[in-house]
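Take a look at the structure set out below.
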Amino acid sequence: MIQQEIPFVLIANCIPVKGANQSLICDLQRNNIVHIPNDLYDIIIKFEGETLHEIKSYYKNIYDDTIQEYFEFLYDNEFIIFTKTPNLFPKIALDWHEPSQISNAIIDINESSKYNVEKVIEQLNEINCKYLELRFFKSTNLNELSRLANFLDNLKSSIISIDFNMPFQQGFDELSLFSFISEFPRISSFRIHSSPFDKFIPPKKAQSGYIIYSQQKVKNEKFCGIVDTSLFAINIKTFTESQNHNSCLNRKISIDVEGNIKNCPSMAQSFGNIKDTTLQEVLQQKEFKKYWNITKDEISICKECEFRYICTDCRAYTENPKDNYSKPLKCGYSPYTNEWSDWSTNPLKQKAIEYYDLKGLI
Amino acid sequence: MIYVISEAEDVTTNYVLEWLLYYKKDFIRRNFQDVSTLNFLELSNDTLDIKIDELRKVEIKKIWHRRARTRFTPLSLRKIPSMYSYLKKEEEILVKSIENILKKDIDYIGSFQKEDENYKIDYLLLAKKVNLKIPDTLVTTSKEKLYLFFDKHASIITKDLRYPIRVNSENFKITSAGTTVITAKMLSEMKNNFAPSLFQERIDKQYEIRIFFFKDKLYPMAILSQNDESTSLDYRNYNNLKPNRNVPVLLPSKIEEKVINFIKSSELNTGSIDLILSTNNEYIFLEVNPQGQFDWVSKNCNYYIEKDIAEYLIN
Ligand code: SF4
Ligand code: SF4
């Protein structure tokens, strides 16, 4: 019940984030976001720990109905509780820790790739990498994939999650893929591009792997970097990592199609080739980590966007390629109007699109 | 060497071990499912020596007894129920003796002994001794006595004295790890005498508090469940669609002091305590679980308990 005389506090893992024109409550426990107007954001921040009665009288009882409505909304969503001891409810700590030098890796493979994938996987294991994305820009088959998955199994690899990204192929039907997933529980997803249809198939009981079929063609690494609401990650790990680090590039290592070791395959700068350089050696180079600590709070426009702690950043394709703190190119969102539009047709972005040679892809 | 005792399926153990790997510290993990080697436990009038899994006592720096216990009995014998039901008892007391021996010289966190002897009545008494409030409790075999207790309180519940209910008969199966409300109808259908059972007054709560503790550190979390009928009795009846709100919480310093006293006098060095904050603003002790889970506390409150534990083990 809404209480007029008992102080309110926010639920600690429901965190309000203010944008230029509207705010969000990020419900990090239930993995959900809800929009709120900025004046409600201000009220929450200013008055947390006080009673509704006090808030209403602060505004000289002119806005009683609105305030009442706001709090009913907060209460119905279980974002707040009423308690006589608000001091006993501390804020949640926003620190982020991860027990590995590299938490996630991308391995790109196309027709002309000649490097040894197993060697990369072995080295990823040595540095305790947990999440691996394998992106095929050529046709592949379940034999090839099971060879790799078996290799990981035999290594007793530290990698607990694999995402396979690959073009549609005969034999990539739901049944076969799910039986593959049940054989290799490490598999988190199959993302099948260039498919004749779009379809999302959620995980089967007691497994975590899911399948996405998409008609989108993904010919090379240049298709990466898209910002979209469907890619938002609403959880405490991403939220806290975003406060302290770059939400895409932190603790990431990649092998591009030629075997070059990079932070991200789309970036020009290579730190050596896997044929003669080890991942461990690359990690010693300070330059390699230069994007790791660029947070959304430092990136122009993003820093005023309410999605900044749940949105994955991109540093490989930005609106101004010369500026390390420029907004991701492939985001069509404006935090000033709260509208999403097609980024690829935005006249202001054409120069950058040309610079990255993305024309043919969109 | 850090020696970790756990179960194969306990992922919480993995999270701690990931940190040990990250810090490049040696450890050995033995699961309940494994067969450990008892090289020897040798004692004479002037010596005492022990070697387990090829490790001498001096080689072990710390022991984290996360869950279950070590097992030495070969797999072939475990498979013979008639044999193993006897051997198991022998092994259990052996594990307790080993624990006692190791504890003398090694920092040993967690305990099979404490887990095995987690008697609710004893801990209620201990809580009472350190001036924590406890619910009115009755253990009886008599319906007559139970009626009096029932009439005295607005509502009463029953739960186990030590072992989660697990009855497997040919015709029916009963399992429960939680709390059940006793209704008037249930009472009227009961026989005049029954097996010894524990009853408690049901306390109307503002919220529940689970305090995971490891050595001197408390990690309290509030479980806000009263709004929701399906969980208002016991948070273990999880409600999946709208999970309870679980948030970091502080204890008033007076209560915290009592909790610390409780932990000290219980001689537990890790575990989980369940408290309730009643609608009358009283903190009431419910129970303690010596091998309680902490991962959900850690995740909901962003406490990084697993990191703290790892750092404790290597320092
Ligand atoms: S920086 Fe951009 S292109 Fe590179 S991996 Fe991240 S999102 Fe993809
Ligand atoms: S403006 Fe920045 S933070 Fe907001 S959605 Fe776009 S990329 Fe993400």
Side-chain angles (χ1 to χ4, degrees), chain A residues 1-3 6 9-15 27-32 74-103 125-130 156-160 185 208 235-241 243-244 251, chain B residues 11 14-25 29 205-207 209 219-228 231 239-256 275 277 279-281 283 296-311 314:
Chain A
M1 253 239 309
I2 297 266
Q3 305 286 339
I6 301 178
V9 289
L10 266 176
I11 295 292
N13 36 28
C14 297
I15 306 183
D27 184 340
L28 302 176
Q29 188 193 355
R30 295 180 187 162
N31 312 105
N32 188 22
L74 292 175
Y75 189 74
D76 288 346
N77 280 282
E78 297 183 349
F79 292 143
I80 55 168
I81 52 161
F82 295 97
T83 169
K84 289 184 180 128
T85 53
N87 297 338
L88 294 180
F89 288 92
K91 295 276 145 211
I92 200 161
L94 291 179
D95 50 340
W96 177 88
H97 306 281
E98 176 64 42
S100 51
Q101 302 176 65
I102 289 295
S103 59
N125 196 42
E126 278 160 28
I127 52 179
N128 298 329
C129 176
K130 276 203 209 150
K156 295 204 180 3
S157 174
S158 64
I159 291 166
I160 51 168
S208 57
N235 58 64
I236 185 96
K237 266 252 127 157
T238 307
F239 193 93
T240 50
E241 187 175 15
Q243 309 261 327
N244 302 290
R251 308 231 182 155
Chain B
V11 285
N14 303 0
Y15 300 145
V16 173
L17 299 185
E18 277 174 14
W19 281 101
L20 293 183
L21 282 171
Y22 177 67
Y23 290 125
K24 299 197 182 356
K25 298 292 171 189
R29 170 181 182 167
K205 67 194 174 195
Q206 297 180 43
Y207 50 85
I209 302 166
Y219 302 89
M221 175 174 87
I223 299 153
L224 309 167
S225 59
Q226 189 66 71
N227 291 338
D228 196 325
T231 55
N239 178 336
N240 279 325
L241 280 175
K242 263 195 173 182
N244 291 330
R245 290 303 193 182
N246 302 325
V247 294
V249 75
L250 303 173
L251 300 170
S253 56
K254 269 201 184 128
I255 299 298
E256 189 176 278
L275 298 182
L277 175 60
T279 41
N280 304 331
N281 286 315
Y283 286 82
W296 67 304
V297 178
S298 188
K299 292 226 159 74
N300 279 301
C301 302
N302 209 35
Y303 279 149
Y304 285 99
I305 298 173
E306 57 282 5
K307 182 168 180 277
D308 287 355
I309 291 179
E311 284 167 4
I314 61 186

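It should be emphasised that the depicted structure is a prediction, and the values quoted were computed from it without experimental measurement. Chain A is the first sequence line, chain B the second, and so forth, proteins listed ahead of strands; every chain is numbered from 1.
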To the nearest 0.5 angstrom, please state how far the [atom1] atom of [X] sits from the [atom2] atom of [Y].
{"X": "A:T83", "Y": "B:L277", "atom1": "OG1", "atom2": "CG", "value": "8.0 Å"}
{"X": "A:N128", "Y": "B:L21", "atom1": "CG", "atom2": "CG", "value": "5.5 Å"}
{"X": "B:N281", "Y": "A:K84", "atom1": "CG", "atom2": "NZ", "value": "6.0 Å"}

Report which part of [X] has an atom under 4.5 Å of a heavy atom belonging to chain B: side chain, backbone, both, or neither.
{"X": "A:I92", "result": "both"}
{"X": "A:D27", "result": "side chain"}
{"X": "A:N87", "result": "backbone"}
{"X": "A:I127", "result": "neither"}
{"X": "A:K237", "result": "side chain"}

If I measure from the heavy atoms of chain A, does [X] come under 4.5 Å with its side chain, its backbone, both, or neither?
{"X": "B:A310", "result": "neither"}
{"X": "B:P220", "result": "neither"}
{"X": "B:L20", "result": "neither"}
{"X": "B:N246", "result": "both"}

Can you name the nearest heavy-atom pair linking [X] to [Y], along with the distance?
{"X": "B:A222", "Y": "A:F89", "answer": "CB-CE2, 4.2 Å"}
{"X": "A:R30", "Y": "B:P243", "answer": "NH2-O, 2.7 Å"}
{"X": "A:N77", "Y": "B:R245", "answer": "O-NH2, 3.4 Å"}
{"X": "B:Y22", "Y": "A:R251", "answer": "OH-NH1, 4.5 Å"}

Exercise for review: Might you work through the side-chain contact (heavy atoms from CB on, under 4.5 Å) test for B:V247 and A:I81, ending with a clear yes or no?
Suggested key: CA-CA 11 Å; B:V247 294; A:I81 52 161; over 6 Å; no

**Study point:** Reference residue B:N302; test side chain to side chain contact (heavy atoms under 4.5 Å, CB included); the match among A:L28, A:T240, A:N13
**Key:** A:T240

Point to revise | Contact leader toward chain B among A:P90, A:A12, A:S100, A:A93, where contacts are heavy-atom pairs under 4.5 Å | key: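 Of the options given, most contacts go to A:P90.
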
Study note, to complete from the structure: chain A shares the most heavy-atom pairs under 4.5 Å, among B:V249, B:L250, B:N300, with B:L250

Check your understanding: Are the side chain of A:Q29 and the backbone of B:N244 linked by a donor-acceptor contact shorter than 3.5 Å?
Key ->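 Looks like yes, one N/O pair under 3.5 Å.
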
